[in-house]
Chemist: 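Got a structure here, written out as structure tokens. Questions coming.
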Amino acid sequence: MQGLMQDWPLLIHRIIDHAAIQHGGRKVISRSIEGPIHTTDYASIRRRALKVAQRLARDGIRDGDRVATLAWNTWRHLEAWYGITGIGAVYHTVNPRLFPDQQIWIINHAEDRVMMTDLTFVPLLEKLADKLPTIERYIVFTDGAHMPKTTLKNAVAYEDWIAEVDGDFAWASFDENTAAGMCYTSGTTGHPKGVLYSHRSNVLHAFMAALPDSKGLRSNDVCMPVVPLFHANGWSLAFSTPMVGSTFVLPGAKMDGPSIYELLDTYKVTFTAAVPTVWLMLLQHMEANNLKLPYLKRVVIGGSACPRAMTEKFEKNYGVEVIHAWGMTEMSPLGSLCTMKPDYAGLTGTARLDLQQTQGHPPFGVEMKITDDNGRVLPWDGKTFGRLKVRGPAVAREYFKGDGGDILDDDGFFDTGDVATIDPHGYMHVTDRAKDVIKSGGEWISTIELENLAVGHPKVAEAAVIGAPHPKWDERPLLIVVLKEGERATREELLDFMRDKVAKWWLPDDVAFVTEIPHTATGKIQKTTLREQFKSHVLPTVEAAE
Ligand code: AMP
């Protein structure tokens, strides 16, 4: 027997419809690329998104066509996402931090028909355009007055382009499983792979993201996603924020400490989210200028492990609750968030900080398991490491064009490539990437844990740990360190600092000092490059073993 409830497909434009009806006057404030702060509201975002949809349709863009966006977080980018998806087309975010060759590869693989971009990227695109045969027209997010002279094909200023239609247009209707968005994985090995979100997955994921034990968003929040829309589906903030009707603050192209602080303070932001690097810049700026954060209540930190010292500073010095989050492009992207279940609600001091080192627990809609290399399920005891596998309605079942083949196990779980423990209350702790974990004498050593420990040393700015070959143990940890400006330290000094904080056999065998650690376009440490760089490094313990 079927239920007798209405068929109301989960389509993305219903979110902006709801925001316009229930929260129409709520402000959407952006730092524009042209410079000044721009203020609009949800009702206007919806009106203009409908114009985008109407104008794209007039340009012949149809259901399933890909429209690339290479742009910062602004109101125009937000409108574009809703306009593109409102006719069944697909927004494809291109990460400006990728190498040009990767951008070319991705745009061609996606077969994008239109490119929407910011003034910032016009010179870059002019250099790439010859190699982008599928792009029929370039739309620059600006007005006629700021539109530069450009050689880009059929280039037009966004404001002029949408002014050509009247907005008397209705959203298309289609199946909720229709593709809506696309984002390529960072591809540290081989080519990047396309993850294709659907309307249904994005809407369900927005519910999951907004839940009280996730981001806990409400209409009286002022929400500022510093995480760019081009990073892993913008962590759902383009959907979960209008869904609950929070005031929206969009930081545009400026993510340095002073610019972010200015927005947090001026617009009384209560909720924000970004990767640790952004918060490092903000904290340095606030410390140097003796600033406070009287309005900010919660900060989500994820994308890579949140250092303990960062959590401590935000909570102790500024009274801001840190929510450590984990996820990945393939998961839309949220997988888990570290908010306090009643089992841990009473924790304070060091015990609370210890728990906040974990990536927390998944919301409804994400199922997790850890397994050994043979797929056998491992216990949730908070100690046993295993491969972390997930399934749910907002987790990828396949990559675009079938790249990478079958990616699910027999029970429909996706292997995240992360190694993790899960404790009896369901708190997951990422201890490594499967390809980075150090296998020493048959046991696993977590490189993330050692890195976190090393950055706790007052002279260390950044640290990476890789496995170096060892004749007796297979691999042993090598600590690679960038010292803070003007600091000097010795190998022994750093090892002594770590000695009583880890098991004896986890202690790195050597320390290498470098001026820079290489990063990927999404800010993660590039361990493949480091392994290449240090492939001839001989550990002092090797000679002893021989
Ligand atoms: P991406 O798809 O580029 O966002 O990368 C996803 C990967 O980033 C995950 O599989 C993890 O390896 C890593 N990651 C994301 N969040 C965290 C976190 N909070 N702690 C440790 N690693 C993380």
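Worth knowing before you read on, the calculation uses all heavy atoms, side chains too, and leaves out hydrogens, waters and symmetry mates. Just so we're clear, the structure is a prediction, and the values are computed from it rather than from any experiment. One-based numbering, in listed order, for ligands and for the atoms of each.
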Chemist: Taking the six-membered ring of F414, is the NZ or CZ of K389 close enough (under 6.0 Å from the centre) and on axis enough (within 45°)?
Modeler: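 The answer is no; the distance or angle limit is not met.
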Chemist: Under 6.0 Å between ring centres, would you say that holds for F239 and H205?
Modeler: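 No - the distance between ring centres of F239 and H205 does not fall below the 6.0 Å cut-off.
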Chemist: Quick one: table the atom pairs, ligand 1 N or O against protein N or O, below 3.5 Å, distance rounded to 0.1 Å.
Modeler:
residue: ligand 1; atom: 2 (O); partner: T329; partner atom: N; Å: 2.8
residue: ligand 1; atom: 2 (O); partner: T329; partner atom: OG1; Å: 2.7
residue: ligand 1; atom: 3 (O); partner: S186; partner atom: OG; Å: 3.4
residue: ligand 1; atom: 5 (O); partner: K524; partner atom: NZ; Å: 3.4
residue: ligand 1; atom: 8 (O); partner: G303; partner atom: O; Å: 3.4
residue: ligand 1; atom: 8 (O); partner: K524; partner atom: NZ; Å: 3.3
residue: ligand 1; atom: 10 (O); partner: D418; partner atom: OD1; Å: 3.3
residue: ligand 1; atom: 10 (O); partner: D418; partner atom: OD2; Å: 2.8
residue: ligand 1; atom: 10 (O); partner: R433; partner atom: NH1; Å: 2.8
residue: ligand 1; atom: 12 (O); partner: D418; partner atom: OD1; Å: 2.6
residue: ligand 1; atom: 12 (O); partner: D418; partner atom: OD2; Å: 3.4
residue: ligand 1; atom: 12 (O); partner: R433; partner atom: NH1; Å: 3.3
residue: ligand 1; atom: 14 (N); partner: G303; partner atom: O; Å: 3.3
residue: ligand 1; atom: 16 (N); partner: G303; partner atom: N; Å: 3.1
residue: ligand 1; atom: 19 (N); partner: H324; partner atom: NE2; Å: 3.0
residue: ligand 1; atom: 19 (N); partner: A325; partner atom: O; Å: 2.7
residue: ligand 1; atom: 20 (N); partner: A305; partner atom: N; Å: 3.2
residue: ligand 1; atom: 20 (N); partner: Q359; partner atom: NE2; Å: 2.9

Chemist: Under the rule for side-chain hydrogen bond (donor to acceptor under 3.5 Å, both in side chains), what residues qualify as partners of D509, not counting sequence neighbours?
Modeler: R476, T541
Chemist: Mind telling me whether H109 and W105 have parallel, tilted or perpendicular rings, with 30° and 60° as the class edges?
Modeler: parallel
Chemist: Got a salt bridge between D411 and R391, using NZ or NE/NH1/NH2 to carboxylate O under 4.0 Å?
Modeler: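 Judged by the 4.0 Å cut-off on N to carboxylate O distance, D411 and R391 do not form a salt bridge.
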Chemist: Is it true that the NZ or CZ of K501 lies under 6.0 Å from the centre of F497's six-membered ring and within 45 degrees of the ring axis?
Modeler: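 Yes, K501 and F497 form such a contact.
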